Amino acid sequence: MKNNKSLCNKKAISEAALRRLPFYHHFLKQLECDGVKEISSAQIAKCLGFNTIQVRKDIEITDIKGKPKRGYNLKNLIEHIEKFLGFYIKNEAVLVGAGHLGYALLGYQGFKEYGLDIVAAFDDNSDKVNKVINTKKVMPVAEMENFVKTNKIKIGILTVPAAAAQQLADKMVESGIKAIWNFAPAKINVPEDVIVQHENLASSLAVLSQKLRK
């Protein structure tokens, strides 16, 4: 059964708010590069098209204290968001499925900024095994359990076709993975103590297309 528990449980926070915080972070980092020193929740809301009260409540969850009529010290706000989201904590992950999407994720350097380091890749396709992608050697899936247990990896990224998703998710769980970031176009079932975050690209495209037609 899917478990929707957040990786960040310091305070109760909705998934919608949790998704907005990285959006604020990206925006604030841009302002920092432009030399901005202070900003208010109202200014953030106006620039991003959000509700001011919503922004203020989202930011308050990080425990930062602002100044009346002045807002927040920008650098301090960025640090509070990063700490709350766990960007300072290094999380190592393995990726299963070295196809086009897997290849792209292995090559993306931005994950490290958010505390995620993909340390290994696995695939059952003999044409992909032993290839090196962004310094990561692709290994057979049969070697995953030993690698995960030896290196105490807790996060798995699944980028495989729908037909193979559940079987490989089961292998991840058997290996000791406790959180799965699932890019496969299929719902996977896991034990209650395993976290799953589904990323359905087809659903996102359907929403985009529908909005475009309107």
Side-chain angles (χ1 to χ4, degrees), residues 2-95 104-119 152-158 177-183 190 192-201 203-204 207-208 211:
K2 179 183 175 180
N3 191 320
N4 284 322
K5 291 186 298 181
S6 166
L7 287 175
C8 185
N9 277 324
K10 293 180 181 179
K11 287 188 176 182
I13 181 171
S14 70
E15 183 172 333
L18 194 59
R19 288 180 178 274
R20 286 192 293 269
L21 283 174
F23 195 58
Y24 301 153
H25 177 264
H26 179 71
F27 171 67
L28 296 172
K29 290 289 285 185
Q30 290 180 314
L31 293 183
E32 185 179 41
C33 291
D34 292 338
V36 176
K37 301 298 182 182
E38 291 183 331
I39 192 166
S40 67
S41 54
Q43 289 172 317
I44 295 173
K46 182 178 180 180
C47 291
L48 298 180
F50 291 150
N51 179 277
T52 301
I53 296 176
Q54 177 188 76
V55 172
R56 186 173 68 250
K57 287 183 176 180
D58 289 346
I59 290 175
E60 285 175 352
I61 202 72
T62 70
D63 282 336
I64 191 172
K65 304 299 181 184
K67 295 181 179 180
K69 298 182 180 180
R70 292 182 60 180
Y72 308 97
N73 174 278
L74 186 68
K75 182 178 180 181
N76 196 21
L77 177 55
I78 291 172
E79 290 175 350
H80 271 71
I81 293 175
E82 290 177 344
K83 183 178 179 180
F84 182 79
L85 293 176
F87 290 175
Y88 298 142
I89 302 172
K90 182 181 178 182
N91 289 300
E92 293 185 334
V94 296
L95 180 144
L105 294 180
L106 286 168
Y108 180 57
Q109 298 297 313
F111 285 140
K112 290 186 178 181
E113 181 181 347
Y114 306 116
L116 181 67
D117 185 13
I118 304 176
V119 295
K152 298 179 181 179
I153 307 297
K154 298 302 179 184
I155 300 177
I157 302 173
L158 197 58
I177 292 296
K178 291 299 182 182
I180 299 176
W181 195 4
N182 179 34
F183 287 85
V190 299
E192 289 285 347
D193 62 339
V194 177
I195 301 165
V196 175
Q197 177 62 47
H198 293 282
E199 297 294 342
N200 194 314
L201 302 182
S203 294
S204 297
V207 171
L208 181 65
K211 290 182 176 180

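The basis for the numbers below is simple: all heavy atoms, side chains too, and nothing from hydrogens, waters or symmetry mates. Keep in mind it's a predicted model, so treat the numbers as computed, not measured.
Looking only at side-chain heavy atoms (C-beta outward), Asn91 and Lys154 stay at 4.5 Å or farther from each other. When side chains are defined from C-beta on, Trp181 counts as touching Leu116, because their heavy atoms get closer than 4.5 Å. You'll find the side chain of Leu85 reaches within 4.5 Å of the side chain of Leu18, heavy atoms only. For the pair Leu28 and Leu74, the minimum side-chain heavy-atom distance is below 4.5 Å. No side-chain heavy atom of Phe23 sits less than 4.5 Å from a side-chain heavy atom of Asp58. Side-chain contact between Leu77 and Ile44 is present, with at least one heavy-atom pair separated by less than 4.5 Å. A 4.5 Å side-chain heavy-atom check between His25 and Ile78 finds at least one atom pair inside the cut-off. Counting heavy atoms from C-beta outward, Ile157 and Phe183 have side chains that approach closer than 4.5 Å.
Ring centroids of His80 and Tyr72 are separated by 6.0 Å or more, keeping the two rings apart.
Between Glu15 and Arg19 there is a salt bridge, since a side-chain N of the basic residue sits under 4.0 Å from a carboxylate O of the acidic one.
The NZ atom of Lys83 lies 9.0 Å from the OH atom of Tyr88; values are rounded to the nearest 0.5 Å. Here the NZ-CD1 distance, from Lys112 to Ile118, works out to 10.0 Å after rounding to the nearest 0.5 Å.
Taking all atoms of both residues into account, the shortest heavy-atom contact from Ser14 to Ala17 is OG-N, 3.1 Å. Closest of all the heavy-atom pairs between Thr52 and Ala42 is CG2-CA, 3.7 Å. Contact record, Leu105 with Phe111: O-CE1, 3.6 Å, taken as the closest heavy-atom pair. Heavy-atom minimum distance, Phe87 versus Glu113: CB-O, 4.0 Å.
For Gln43 (side chain) and Ser40 (main-chain N/O), a donor-acceptor pair under 3.5 Å exists by modelled atom type.
Considering Glu38, Lys37, Glu32 in turn, Glu32 is the only one that fulfils the side chain to side chain contact (heavy atoms under 4.5 Å, CB included) rule with Lys75.
Heavy-atom contacts from other residues, nucleotides or ligands closer than 6.0 Å to CD1 of Ile53 number 12 or fewer.
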